[in-house]
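First comes the structure, then the notes that go with it.
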Amino acid sequence: MAIVKHIKSKNANYTDAINYLFYQHDEKAKTLLLNEYGQPMLREEFYADGLNCTAETFDLDCFRTNRAFNKNRLPGEIKSHHYIISYDPRDASDCDLTGKKAQELSLEVAQKMFPGHQALVVTHTDGENHSGNIHTHIVINSVRAYETKKEDYMTQASDFKAGGKHRSTNKFMEHFKKEVMAMCEREGLHQIDLLSPSPKKVTEAEFRAKSRGQEKMDKINKKITAEGLRPSATTFQTQKDFLRKAIEDCSRKAQDFEEFQSLLLENYNISVISQRGRYRYLHPDRSQRITEKALGTDYGRDHLEELFSRNEKGIRAEKEAAAYHSPETDYRRDPLAIFYYRTQLRLVVDLQRNVKAMQSEAYAQKVKITNLQQMANTLIYIQEHGYDTRKDLSAVTSKAQEKLTEAYDKKRELTEKMKVLNSQIHYTGQYFASKNIYAEFLKSENKKNFRNMYVSEITAYEEARDWLKDFYPDGKMLSLKSLKERKRKLQGSIDSQKTVIHNYKNHCKELETVSANVDAILRRQAMETEIIHPRITEHQKPQKERKEESL
């Protein structure tokens, strides 16, 4: 889905924007990369245009405009606004989006949103840290160079008069997001509702903090692994991530706010209060509370109270009971039915290789108690599901992994269908959008001049016509309305398949945890047997082997 970001800048050196957008950078150090001759290296692929200026003279034109209107003289003034339109990575594979096409679409949006402003519009195809998603940077001078027509979202004279300063108000951002959504809808690109609050809100600052934390943790873990030890954690977690995971866990069990409050405090040492119609959370390492607005709507009062109500009515319990405890459910015949059952199983920790346990005797004691609990949970699990031997458990695990592979294959098949359908929608829309112009072209007396005047529209029509002829040999085209309805249904199937994959992944992870715990228990039994009976006679060996094989 295409998303929109906005960044304000007080940097008076507009050349820095050109250097960042045109040349390769070390993203961590924020410095230019130089070749062997000490010269900056151009980015491998980018597309650049200027609005009310040329891309190469953007900095000089902004300086002249500021001087002409005597604006942007003070250090504290906002000199430029930086907007980013990030397209969904799937648009490249599913919708044939290219950097050149994204540049054309984004330039069209920039012309609508920033009339009268000098703007630098640059599209990159590599994504941040080479993530691969296509995105466009729109950097505008905060001072408007030319007067423009007043739009509905413009409430003050400075919003459309020459010399006025750009204001990124809520009304403007709403209008901007509507334009991006309409553009994506018209072009058949993946898109979400940008106007609705995000279920899980991750700000730019949190994203970068997580990246820096993960990088630091990876360096530390690399040293620990080199010494033959196992790191206690491999994924960096921000304070907000910690809160989200804790809220998700406790909200599954709580039936009202008081119980939710108690579970958070008891299990995660998180304090939560309800104030002014919102939930406010206090992380154990913070002195100020974090509001639900900073976490996302899934962690807010309205959403959680709905969950509490459902839990109280026993809807979740009834579903699990029907799927797991029904007399008709035979887990020996259908082992995969167990993935509807949610357990609290965790891996048994190897104290001999755990660095934190070596450093803290209290932590080691806590881990020992936890290990005993997980061993007991594991034994209960295998008894409830009727697994008599390690071989039975391995067979079920293999079957679950096969089902997961099949689910992935099915999703890939549906995704390929979606890619073809998006092409149909794209070219059908392009065909009808330029059909009238082409009809006038056929009727025109001077076709050469007419083509020169409407070259893009005529080219678009001919491209769409040729593609549709190849796709529909019988000439019977489907309407745009029916194609969009098919896309809606197909997207529903893809979403359902994602849910299936998610369930199978959870099930496989659960079985892998059980298998690892069983192996840990068997190793422990073998060690204890060796200590008590160091010598085993020949007639005892078959009995020992049977014991190790049995669960």
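In what follows, residues are counted from 1 in the order of the sequence shown.
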Shortest non-hydrogen separation from [X] to [Y] and the atoms involved:
| X | Y | answer |
| --- | --- | --- |
| Val139 | His82 | CG2-CD2, 3.8 Å |
| Arg144 | Lys161 | CD-O, 3.6 Å |
| Thr428 | Met477 | CG2-CE, 4.1 Å |
| Lys505 | Tyr408 | CD-OH, 3.4 Å |
| Asn422 | Gly188 | OD1-O, 3.5 Å |
| Asn19 | Leu32 | O-CD2, 4.0 Å |

Within the side chain of [X], is there an N or O that forms a donor-acceptor pair under 3.5 Å with the backbone of [Y]?
| X | Y | result |
| --- | --- | --- |
| Ser309 | Glu306 | no |
| Asp91 | Cys95 | no |
| Glu457 | Tyr438 | no |
| Gln118 | Asn141 | no |
| Lys447 | Leu442 | yes |
| His124 | Leu21 | yes |
| Lys210 | Phe236 | no |
| Thr57 | Leu60 | no |
| His137 | His135 | no |
| Thr136 | Thr123 | no |

Stepwise side-chain contact (heavy atoms from CB on, under 4.5 Å) test for Leu107 and Glu104: CA-CA 5 Å; Leu107 184 60; Glu104 293 172 0; 5.9 Å; no
State, without any angle test, whether [X] and [Y] hold a side-chain donor-acceptor pair at a distance under 3.5 Å.
| X | Y | result |
| --- | --- | --- |
| Gln214 | Asp218 | yes |
| Arg90 | Thr415 | no |
| Asn170 | Glu174 | no |
| Asn72 | Lys165 | yes |
| His507 | Asn503 | no |

Would you call [X] and [Y] a salt bridge, taking side-chain N to carboxylate O under 4.0 Å as the test?
| X | Y | value |
| --- | --- | --- |
| Lys484 | Glu185 | yes |
| Glu485 | Arg488 | yes |
| Asp466 | Lys469 | no |

query: In a check of ring-ring contact (aromatic ring centres under 6.0 Å, His included) between Trp467 and each of Tyr427, Tyr472, Tyr461, Tyr431, which one passes?
result: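 Answer after filtering Tyr427, Tyr472, Tyr461, Tyr431: Tyr427.
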message: Set out, in order, the CA-CA distance, both residues' side-chain angles and the distance that settles side-chain hydrogen bond (donor to acceptor under 3.5 Å, both in side chains) for Asn506 and Glu510, then state yes or no.
response: CA-CA 6 Å; Asn506 287 344; Glu510 185 177 75; over 6 Å; no
message: So Phe441 and Ser434, do their side chains get closer than 4.5 Å, heavy atoms only?
response: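 A side-chain contact is absent here, since even the closest heavy-atom pair is not under 4.5 Å.
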- prompt: Less than 4.5 Å apart, any side-chain heavy atom of Ser142 and any of His81?
  reply: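 Ser142 vs His81: side chains touch.
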- request: Dump the intermediate steps for side-chain contact (heavy atoms from CB on, under 4.5 Å) on Gln237 and Lys245, then the final yes or no.
  value: CA-CA 10 Å; Gln237 191 178 57; Lys245 287 180 170 57; 3.0 Å; yes
field: Which residues share a salt bridge (charged side-chain N to carboxylate O under 4.0 Å, His left out) with Glu305, sequence neighbours left out
entry: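 For Glu305, the residues satisfying salt bridge (charged side-chain N to carboxylate O under 4.0 Å, His left out) (neighbours in sequence not counted) are Arg301.
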- prompt: Going by the ring-ring contact (aromatic ring centres under 6.0 Å, His included) test, which pairs reach into residues 90-121, not counting sequence neighbours?
  reply: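 Sorted pair list: Tyr83-Phe114, Phe114-His166, Phe114-Phe172, Phe114-Phe176, His117-His166.
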field: Residue that, paired with Tyr14, satisfies side-chain hydrogen bond (donor to acceptor under 3.5 Å, both in side chains) out of Asp61, Asn66, Asp59
entry: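 The single option meeting the side-chain hydrogen bond (donor to acceptor under 3.5 Å, both in side chains) with Tyr14 is Asn66.
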- request: Start with the C-alpha distance between Phe46 and Phe22, add both sets of side-chain angles, then the distance that settles ring pair (Phe, Tyr, Trp, His ring centres under 6.0 Å), and finish with yes or no.
  value: CA-CA 7 Å; Phe46 71 95; Phe22 284 22; 5.3 Å; yes
